[in-house]
2 protein chains.
Amino acid sequence: MDRRPVSIKDVADRAGVAIGTVSNVLNHPARVSAATRERVQGAIDELNFVRNDAARQLRAGQSRTIGLIVLDVGNPFFSSLARAAEDCASENGSTVVLGDSGQDVVREARYIDVFEQQRVQGMLISPVGDVGPRVEALRKRGMPVVLVDRVDPQRRCSSVSVDDIAGGYMAVRHLLEAGRRRIVFVGTKADYRQVADRLTGARQAVEEYDDAVLEVVEADAMTVLAGRDAGEEIARRRGSGLPDGIFCANDLLAIGVMQAVLLIRGLRIPEDLALIGYDDIDFSASTVVPLTTVRKPTELMGRTAVELLLEEIEAPASRRRQVIFDPELVERGSTTTSVRAGV
Amino acid sequence: MDRRPVSIKDVADRAGVAIGTVSNVLNHPARVSAATRERVQGAIDELNFVRNDAARQLRAGQSRTIGLIVLDVGNPFFSSLARAAEDCASENGSTVVLGDSGQDVVREARYIDVFEQQRVQGMLISPVGDVGPRVEALRKRGMPVVLVDRVDPQRRCSSVSVDDIAGGYMAVRHLLEAGRRRIVFVGTKADYRQVADRLTGARQAVEEYDDAVLEVVEADAMTVLAGRDAGEEIARRRGSGLPDGIFCANDLLAIGVMQAVLLIRGLRIPEDLALIGYDDIDFSASTVVPLTTVRKPTELMGRTAVELLLEEIEAPASRRRQVIFDPELVERGSTTTSVRAGV
DNA sequence: GCGTGTCTTTGAATCGTTTCAGTGACACGT
DNA sequence: ACGTGTCACTGAAACGATTCAAAGACACGC
């Protein structure tokens, strides 16, 4: 019904005080006497006053908002990272607004522009492709930026990321400790750095055991279907050609491999063949044999990203930090018969 | 390096014009001569001027931003709806900012407050629990609101939603047309309206066939595990107790049923047993036998929601509209041997 | 009665933009 | 030469909040 929104002046008139007093009630209640405070609060309630953030921000010169740009909100990694970031920000009196670039440089650029015009306190960006020029331009204008899931090669801004070499090492080490020696790594041609890192880690683990061998089976894509193709080929093997442990570069591949191995040849998992994936997607706990996998510490990454950003906002001259987390092993039934807890 | 951000005044000084002229270059380029326009543009580029959205908004009284609050960004339904909404909004010169309530009333309230303080043009809300009071308060202050995936019982605001009764009908009708007559519906006790609606639709379809029967099997939850339990019970049946078609209230249940049916008894899908789910989650195309399912027209819903909102923004007095979409059937291998296209 | 200090309240300046009435400049027709 | 119109540009008001110096009220001690 109200045609134009209620301003602080309307509240002041209603309560019979100066606008400065209303502002004090909102921002420094202690400075105002109890009687006045109540009267002003009453006027605010009666009029349904909602503070105009644009005006506040204009005057204050800074907002209480953090921009977060992710590659894909549909990806559980990013959605739970976003949630953790929101929690951490709200504990610090800020709000996170989310932009989904959908791996599209144009959309990414649009969100960066919008956030900059909105004068967000800072941005958390999981960048598409080349980070360099765009982020540098932002930094030149004094906008704090923290990279997520990617490191700035030039160390110009702080970042949080995961050590995939360590992850690959953990996965294969786990297979080896379970007594497996004929290990297969299933992954795409190492076009992604992440796949390459996981393989590197796998190699390091195998080298620690004299009697262990690692074979690489190439998949066409990082999908269930590609995993099933790879799995079928492997499942058909006889004798010593058949591995006793498989490490897949992600969970989708592992699920495909599991489907093939169980159905084509009726092998038992983990007795005949131990299987481990990577990422811990939602579905991995619900496969026929629950999938052991390696998980990024998502919540921790989200919180840390916000903390690094707030640090930089408060002390713009402080040194940039590259925080690299180790992933964690999630043991389920596909590698061990006795699992601690099935989720 | 720059300590305080560049303002329109700095640009004006640099270009040797009045600030009004700079504003015209930005907002009404046609009013400015080509020579001046270039000079101003040059100054903008040299100084890296970025427009202050707070000041613009304060003066203009309205932003170019739409707030979208979803129950769970991790849910593919919402993430693709969000993407469609963003696309539609950007075609109309607006930007969508996303808030994730995580099914939490407190977080939902916080986002509503933040968005209202930011004076967004309007909000799209997929509400947690009771819509009434909160939305009514918003509307009283003149804030346009469109509900997503839920109808306002009092028809106070526009909404986009899906007809789950029609969806349930389509699913079972599809089974019946494939010659199945002993149908089982797997779902939770009808606490969710959505589950109840799907069952209602299923009943309607069965009633059209004299020789068809519908049995309801209750699951403990809408999860893969609960589906597996239900599936095991069903798979152990002999003779006429064994259905030839199963409709699950969502895809997770269907996946669990599939796991049980294939492994426990080694039944063939779809020959012995046709199976259909609901939602078309990502994984449904990658199950051992690709899952036939029912999908909400997500993109259409996102675009329509934005259109309804823009309509209301432009004509606040216009009539509210409840748009209800029919879902669509996605045929895959779990119901028919010859599938058009396997995704 | 007067200076001092504390507590509350006031009112004006300010942030960076948009908008709009007004000022020149210049061309054109009469 | 003069009115009329068009076009490009100017300068100040306005948006709604925060902030801060200053004023007012009051009590207290001397």
Side-chain angles (χ1 to χ4, degrees), chain A residues 2-41 43-44 47-65 93 114 116-120 141-142, chain B residues 2-41 43-44 47-65 93 113-114 116-120 141:
Chain A
D2 318 55
R3 212 59 312 243
R4 86 170 61 58
V6 181
S7 83
I8 206 174
K9 177 157 189 321
D10 301 322
V11 175
D13 291 350
R14 174 75 155 210
V17 299
I19 57 171
T21 303
V22 178
S23 177
N24 278 334
V25 171
L26 292 171
N27 302 295
H28 309 278
R31 289 189 198 159
V32 182
S33 72
T36 311
R37 202 186 312 143
E38 268 174 43
R39 202 145 37 88
V40 170
Q41 193 60 54
I44 288 176
L47 299 173
N48 278 314
F49 168 71
V50 176
R51 191 210 249 102
N52 184 325
D53 199 51
R56 174 231 255 289
Q57 202 186 121
L58 175 58
R59 183 60 237 252
Q62 213 205 21
S63 71
R64 301 296 300 164
T65 301
V114 169
E116 199 178 4
Q117 291 185 11
Q118 291 182 349
R119 300 286 192 273
V120 295
R141 272 168 255 152
Chain B
D2 319 54
R3 213 54 318 236
R4 88 170 60 59
V6 180
S7 81
I8 209 174
K9 177 157 190 319
D10 301 322
V11 175
D13 291 349
R14 173 73 155 211
V17 298
I19 57 173
T21 304
V22 177
S23 176
N24 279 332
V25 170
L26 293 171
N27 302 297
H28 309 278
R31 289 189 197 159
V32 182
S33 73
T36 311
R37 201 185 314 142
E38 270 174 42
R39 202 145 37 88
V40 171
Q41 193 59 54
I44 288 176
L47 298 174
N48 278 316
F49 168 71
V50 175
R51 190 211 251 102
N52 184 326
D53 201 50
R56 175 230 254 289
Q57 204 186 117
L58 175 59
R59 181 61 237 244
Q62 214 205 20
S63 71
R64 302 296 301 163
T65 301
D113 288 347
V114 169
E116 199 178 5
Q117 291 185 11
Q118 291 182 349
R119 299 286 192 272
V120 295
R141 272 167 255 155

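Chain A is the first sequence line, chain B the second, and so forth, proteins listed ahead of strands; every chain is numbered from 1. The analysis underlying the following values was restricted to heavy atoms, covering all of them including side chains, and did not include hydrogens, waters or symmetry mates.
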I want to verify a distance call: between [options], whose nearest atom is closest to the [X] side chain?
X	options	answer
A:Leu58	C:dT17, D:dT18, D:dG16	D:dG16
A:Ile8	C:dC15, C:dT19, D:dT18	D:dT18
A:Ala18	D:dT10, C:dG11, C:dT17	C:dG11
B:Asn27	C:dT18, D:dA17, C:dT17	C:dT18

Exercise for review: Examine the base of C:dT14 for any acceptor or donor lying under 3.5 Å from a partner atom in the side chain of A:Arg59, and report the outcome as yes or no.
Suggested key: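 Side chain to base: pair present.
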For [X] and [N], give me the distance from atom [atom1] to atom [atom2], rounded to whole Å.
X	N	atom1	atom2	result
B:Lys9	D:dA12	NZ	C1'	14 Å
A:Gln62	C:dG16	CD	P	14 Å
B:Arg64	C:dT17	CZ	C1'	16 Å
A:Ile19	C:dT8	CD1	P	20 Å
A:Asp13	D:dG16	CG	P	13 Å
B:Leu26	C:dT19	CG	P	12 Å
A:Phe49	D:dT18	CZ	C1'	12 Å
B:Arg119	D:dG16	CZ	P	9 Å

Hey, does [X] reach any base, or is it just sugar-phosphate, or nothing, if we go heavy atoms under 4.0 Å?
X	answer
B:Ser23	base
B:Gly20	base
B:Thr21	base
A:Val22	nothing

Given [N], is OP1 or OP2 found less than 4.0 Å from the side-chain N or O atoms of [X]?
X	N	result
B:His28	C:dT19	yes
A:Arg56	C:dC15	no
A:Asn52	D:dA17	no
B:Ser7	C:dC15	no
B:Arg51	C:dT18	yes

Review point. Considering residues, nucleotides and ligands other than A:Arg39, do more than 12 of their heavy atoms fall under 6.0 Å from its CZ?
Key: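 It does: A:Arg39 CZ has more than 12 such atoms within range.
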Review point. Of B:Ala55 and B:Ser33, whose closest DNA chain D nucleotide lies nearer the 5' terminus?
Key: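 It is B:Ser33, whose closest nucleotide lies nearer the 5' terminus.
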Review point. When the nearest nucleotide of DNA chain D is assigned to A:Asn24 and to A:Ala54 on a heavy-atom basis, which residue is associated with the more 5' position?
Key: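 Counting from the 5' end, the first nearest nucleotide belongs to A:Ala54.
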Exercise for review: Identify the two heavy atoms, one from B:Arg37 and one from B:Val25, that lie closest to each other, and give their separation to 0.1 Å.
Suggested key: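 Shortest heavy-atom separation between B:Arg37 and B:Val25 comes out as CG-CG1, 4.1 Å.
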Check your understanding: When you measure from the side chain of A:Asp10 to the backbone N and O of A:Val6, does any donor-acceptor pair fall under 3.5 Å?
Key ->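 No, A:Asp10 side chain to A:Val6 backbone: no donor-acceptor pair under 3.5 Å.
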Point to revise | Main-chain N/O of B:Val120 paired with B:Thr65 side-chain donor or acceptor, under 3.5 Å | key: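 A pair under 3.5 Å: no.
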Practice item. Given side chain to side chain contact (heavy atoms under 4.5 Å, CB included), test A:Gln62 with A:Gln57 step by step and report yes or no. Key: CA-CA 6 Å; A:Gln62 213 205 21; A:Gln57 202 186 121; over 6 Å; no
Exercise for review: Might you work through the side chain to side chain contact (heavy atoms under 4.5 Å, CB included) test for A:Ile8 and A:Ser23, ending with a clear yes or no?
Suggested key: CA-CA 8 Å; A:Ile8 206 174; A:Ser23 177; 4.1 Å; yes
